[in-house]
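First up is the structure itself, then whatever we jot down about it.
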Amino acid sequence: MLTVFPLRVASVGRYNISFAQLDQCQTYFITATSYAYNDFFKVNKLNNNNVTDNTRLHLKFYVIANMDAHILLTVIDRPRPNDAVYEVVIGAGGNTFSAIRTMIGSHRVSTNQDHHLLSHYEPTPIEIVQTKDGDLSVYIPGFKEEPLLRYHDDAALQINYISFSSFGTNSARWFYDCPFDNSGTNSIDQEERAKTKAEELLDLLIINGQNSTLPANLSSIKFHFQMRSLAFDQPSALLTTRMQLLMHWRDERLIWKPEEFGNLTSFEHPDLQIWAPQLAVLNGALDSLGGVLKGYELRIYANGNITLLATNLEITSWCVDTARNWPNERVMCDIELGVMEVEDRSTISLVYDQQQRPLSPNEHVNTPSAWTFVEIAVVHVANDSSRRYTPKYMLQSMNGDVAIQFTMQRNSSFYKLVFAVPLIGCQIFIVLAFLIRSNRRGALLLIVFLITAWGLMLLTRHASTHYVPPLMAAYQDIMLITVYCYLLHIAIIWLVFYPPRAKAPSWLLSILNSNPLRFILGLRFMDSTDYCDVLEKPWRHLAKLLNNLSFIVVSILLIVINVIGKI
């Protein structure tokens, strides 16, 4: 009779993994999820990264799941959807295929069609190896010797964080930071080697950095910048700037002797753990609320000097347009910067380095909006309080804060010419209308009315929408004057060609015969002939008086409109 020992087989499993091997790993459990990476673990904090001379990364995992075991390898924690990452998926598509992706959820670059690699009852081992040549390999030890997945990246990522996830309603239990027992089919032999001078220096700087604590006696940080882009959205009052920022300070704890470390006079490393300033935008908006230094490079020099470089710092701040003078607007916007308080110490001052600035602040600046800058200045901000936050937890300025001020003007010289010249022409036409008679006057006034109406319609497409620009008000005034002149034209025609049959009252005749009034209005003095003509045709003389009086009043109004700067 044939005897079978199923319990012994089940205790080890198909990958020759015993549960005792999992006791030395860290555990991470995922319940039903909607495909999200919630927790990130730093690679340099792991105890079992089996790195050799030829590898950058060598990690071992175990997972117990029905399907969809996701491992995310990334440069930063909480990457955005379009950031470059390595996403390893085992048992996707109902446990029917596996893949490597270069973006979260997309851009598959390597695929394997082996089925049923995962199980809900026994752990599946996974090893991930990244070489210095840019090869990323995924192994299932005990399944096959060659890699399950492989991808070569010419611009290989420096992996700093790992994270785990599942998909849909599937739960998963992960075991990470697992030691290597050197018994697996695919385990790379560990080689004992001496640390390089760069690694020794890294360890020294991390130790001397004292858990990234603030350097003693640090009271100021020098900075300089170079603008890359400047855009102002007037309706939403938002200023969006992009710049390259350099900051310099000194930490005497990080001094070393170059001859003891392979003559290294400067050093940078992604795993460097030293204090760096938390730069805040005091008038920040949207994504610029709070700290804005989210991606930067640190370089330490042997004399203790430190340089922080942010090559693409994008800041959004509030800026309200108070000029209200389209199209001649000239606005001053600023970015208020300050270093956040650290360890209950006084504020660290920001000092603009004017003497040793290798970057020109206003060279080759893109202006992807209707505004361009005229000049840039760096000034100190007035101190609002001795505390960084108000009792309502609002950011406020303190001693040592600075503001980068941008003086900007709208790119509207073209519009000014296009709209101002017709308006000046309309004024000339109105003046000429008083010198001609009959239908030619009415036609000229109609032309002026049509030009002003057309200009107002076009202005509504280009001018500011949150206030009435002076130029638009000038169009409105000229249109009203034109309407008055046209009504005056109708009244004059009526008085000359169709006068009232009633006799003129005596007071009106006295006005028409007043020599001082006629002198002011540019009419000749009365004689016996004119006197008789006024008595016989008073309404015709009234039309002349109204015409000359209106000419003087309209001329004064046009001069006022031009003098107060509406045009």
Side-chain angles (χ1 to χ4, degrees), residues 234-235 323-329 370 410-500 508 511-512 517 520-523 537-567:
Q234 185 186 36
R324 305 175 71 86
N325 188 31
W326 186 93
N328 303 313
E329 291 156 310
R410 187 186 287 271
N411 304 330
S412 301
S413 58
F414 170 77
Y415 296 110
K416 181 180 178 181
L417 179 65
V418 168
F419 290 113
V421 170
L423 204 57
I424 295 174
C426 289
Q427 297 183 64
I428 297 174
F429 291 164
I430 291 174
V431 174
L432 291 176
F434 286 96
L435 305 178
I436 59 179
R437 298 290 185 268
S438 187
N439 295 332
R440 287 174 292 178
R441 170 189 283 189
L444 190 60
L445 291 175
L446 283 177
I447 292 174
V448 173
F449 183 83
L450 292 175
I451 291 176
T452 52
W454 168 80
L456 275 176
M457 287 188 293
L458 287 182
L459 275 173
T460 57
R461 299 179 57 184
H462 300 283
S464 175
T465 57
H466 64 283
Y467 68 91
V468 178
L471 186 61
M472 185 177 289
Y475 265 89
Q476 180 182 359
D477 295 339
I478 299 298
M479 178 178 285
L480 293 176
I481 292 174
T482 304
V483 172
Y484 167 77
C485 291
Y486 195 81
L487 294 176
L488 176 66
H489 168 65
I490 295 175
I492 290 175
I493 291 178
W494 175 65
L495 290 173
V496 173
F497 295 101
Y498 309 100
L508 179 59
I511 293 175
L512 295 176
L517 180 61
I520 294 174
L521 298 181
L523 299 173
K537 300 177 181 179
W539 305 112
R540 183 185 296 271
H541 287 271
L542 177 61
K544 292 181 181 180
L545 187 144
L546 290 176
N547 184 77
N548 287 22
L549 178 63
S550 297
F551 174 75
I552 295 173
V553 174
V554 168
S555 298
I556 293 174
L557 291 176
L558 294 179
I559 293 173
V560 170
I561 291 174
N562 287 274
V563 169
I564 65 177
K566 287 188 176 182
I567 299 179

Checklist line | Closest heavy-atom pair and its distance - Y484, S550 | finding: OH-OG, 2.8 Å

Notebook entry, point to check: Nearest heavy-atom pair of L445 and A433: which atoms, and what distance?
Noted result: CD2-CB, 3.8 Å

Note to self: Can you confirm whether F449 is buried at CZ, in the sense that more than 12 heavy atoms of other residues, nucleotides or ligands lie under 6.0 Å from that atom?
What the structure shows: no

About how many Å separate [atom2] of [Y] and [atom1] of [X], when rounded to the nearest 0.5 Å?
| X | Y | atom1 | atom2 | value |
| --- | --- | --- | --- | --- |
| L488 | I481 | CG | CD1 | 12.5 Å |
| L444 | R441 | CG | CZ | 10.0 Å |
| L487 | T482 | CG | OG1 | 11.0 Å |
| T452 | I447 | OG1 | CD1 | 12.0 Å |
| I436 | F429 | CD1 | CZ | 10.5 Å |
| W454 | M457 | CH2 | CE | 9.0 Å |

Check: Step by step, would you call N548 with F434 a side-chain contact (heavy atoms from CB on, under 4.5 Å)?
Finding: CA-CA 8 Å; N548 287 22; F434 286 96; over 6 Å; no

Next item on the list: Report the C-alpha distance between D477 and L557 in whole Å, list the side-chain angles of each, state the deciding distance to 0.1 Å, and finish with yes or no for side-chain contact (heavy atoms from CB on, under 4.5 Å).
Entry: CA-CA 9 Å; D477 295 339; L557 291 176; over 6 Å; no

Note to self: What verdict does the side-chain contact (heavy atoms from CB on, under 4.5 Å) test give for L546 and L495, after you've listed the backbone C-alpha separation in whole Å, the side-chain angles of each residue and the deciding distance to 0.1 Å?
What the structure shows: CA-CA 10 Å; L546 290 176; L495 290 173; 4.0 Å; yes

Note to self: Under the criterion side-chain contact (heavy atoms from CB on, under 4.5 Å), I'd like the reasoning laid out for C426 against Y475: C-alpha separation, chi angles, the key distance, then a yes or no.
What the structure shows: CA-CA 10 Å; C426 289; Y475 265 89; over 6 Å; no

Check: How about L423 and L471: do any of their side-chain heavy atoms sit closer than 4.5 Å?
Finding: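 The answer is yes, as the side chains (C-beta and beyond) meet within the 4.5 Å cut-off.
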
Check: With a 4.5 Å heavy-atom cut-off, do I478 and I430 have their side chains touching?
Finding: yes

